[in-house]
Amino acid sequence: MNVGVAAILGIVQGLTEFLPVSSSGHLVLARHLLGVGTPQILFDIVVHLGTLMAVLVALWPEVVGAARGVAVWPRLLGRVDLEPAREQEARLAGWLLLGTLPAALVGLVAADRVEALFGSVRGVGVALLATAAILVVAERRVGQGAGARASDLFQVGAWRAVAVGVAQAAAVIPGLSRSGSTIAAGMLAGVERDSAARFSFLLAIPTIASAGVLGALKAASGEFAWPGGAALGVGFVAAGISGYAAIRVLFATLGRGSLRWFAAYAALVGTWAILGA
């Protein structure tokens, strides 16, 4: 893999990991257009680490809060009185764990079947159309006043976390946007759109990290293509910078109150993938 291809794939990964248009689907399409064959495990791990760094930087206060929450779990489970702020952080960490479990279960039970889906360009197109439909439904059902009942990230709650987690599990299908599905699920469950996005991005941290670990284990168990140090570095930086930019763009777009632009884009790309790819 040359540096130019690495940069393109890194940018595609970073932008589409957090914008609600499906990173997995766009990587399938990008590799198809660029003539890149079987995904290179090591490169995929590195660009995922780039997007992981992006979300850590963009949501650092929330990440620190969730980490503090994990640290006080034993006290919470022991029914020790905590400061309100620490108790909220502990509960947020618990909700993130709940939200992670459905995708983890799917990964353990159906990993091989999911991996087989990455070879179908038209399948990606169908899933992108589904992404567009999900975003439109969320906007129409919720509207501008999305989720006024839960305007605080710490008010997500256990059942909403599970609902978002189920949406994330479904989004293992390439073309079905993880961020789009989880944000839409949060909004439909009554979470304010900005908080739904923040919870979605926090939920991405264990998901991306576990995918990196599984990829590393897979690479260590057999031979893998080495794309070259320069390509790895360029892919990592490109994914990190574009991922951070995508997070900021999405928050700004949500502030103006619409996911319809992303739905229109996903529908166009999905139609192209089905008819013309």
Side-chain angles (χ1 to χ4, degrees), residues 6 9-28 30 39-60 62-67 70 92-93 95-108 111 114-115 117-118 131 161 164-183 185-186 196-220 232-233 235-251:
L9 293 178
I11 291 171
V12 170
Q13 167 65 29
L15 289 178
T16 58
E17 180 67 43
F18 301 111
L19 297 179
V21 292
S22 178
S23 62
S24 59
H26 275 74
L27 285 174
V28 170
Q40 297 181 330
I41 295 173
L42 186 59
F43 181 79
D44 285 356
I45 293 171
V46 168
V47 295
H48 275 82
L49 287 176
T51 55
L52 179 60
M53 290 301 298
V55 71
L56 289 175
V57 172
L59 297 180
W60 183 247
E62 290 91 342
V63 171
V64 171
V70 172
L92 173 61
W95 299 333
L96 290 171
L97 175 61
L98 285 174
T100 302
L101 291 178
L105 181 61
V106 170
L108 289 173
V114 170
E115 189 172 345
L117 297 173
F118 282 78
T131 292
V164 173
V166 170
Q168 177 171 256
V172 298
I173 298 171
L176 191 61
S177 170
R178 192 206 68 84
S179 63
S181 297
T182 52
I183 292 171
R198 291 180 186 277
F199 189 77
S200 168
F201 295 156
L202 288 173
L203 201 60
I205 294 173
T207 303
I208 295 172
S210 61
V213 171
L214 291 175
L217 292 174
K218 184 176 181 180
L232 290 176
F236 176 83
V237 173
I241 293 174
S242 60
Y244 182 85
I247 292 172
R248 293 305 178 196
V249 167
L250 184 58
F251 280 136

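- The distance from atom CG of L203 to atom CD1 of I208, rounded to the nearest 0.5 Å, is 10.0 Å.
- With sequence neighbours excluded, the residues that form a side chain to side chain contact (heavy atoms under 4.5 Å, CB included) with T207 are Q168.
- Closest of all the heavy-atom pairs between I183 and A197 is CG1-CA, 3.8 Å.
- Considering every non-hydrogen atom in both A93 and V70, the closest pair reads CB-CG2, 3.7 Å.
- The ring-ring contact (aromatic ring centres under 6.0 Å, His included) test applied to F201 returns F18, F251, not counting sequence neighbours.
- For the residue pair S24 and P174, the shortest heavy atom distance occurs at OG-CA, 3.1 Å.
- Contact between G180 and S177 at its shortest, heavy atoms only, is N-OG, 2.8 Å.
- Nearest heavy atoms, S181 versus A167: O-CB, 3.6 Å.
- Side-chain atoms of T131 come within 3.5 Å of backbone atoms of G175 as a donor-acceptor pair (strictly under, hydrogens ignored).
- Under the 3.5 Å distance criterion, with hydrogens and angles disregarded, a donor-acceptor pair is assigned to the side chains of S200 and T182.
- Looking only at side-chain heavy atoms (C-beta outward), F236 and V47 stay at 4.5 Å or farther from each other.
- Counting heavy atoms from C-beta outward, I205 and L96 have side chains that stay 4.5 Å or more apart.
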Pairs of donor and acceptor atoms involving the side chains of residues 48-59, under 3.5 Å and at least two apart or interchain, shall be tabulated with distances.
| residue | atom | partner | partner atom | Å |
| --- | --- | --- | --- | --- |
| H48 | ND1 | D44 | O | 2.7 |
| T51 | OG1 | H48 | O | 2.7 |

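- Minimum heavy-atom separation, S23 to T16: CA-OG1, 3.0 Å.
- Counting only heavy atoms from C-beta outward, the side chains of L27 and V12 approach each other to under 4.5 Å.
- For the atom pair H26 NE2 and L19 CG, the distance stands at 9.0 Å (nearest 0.5 Å).
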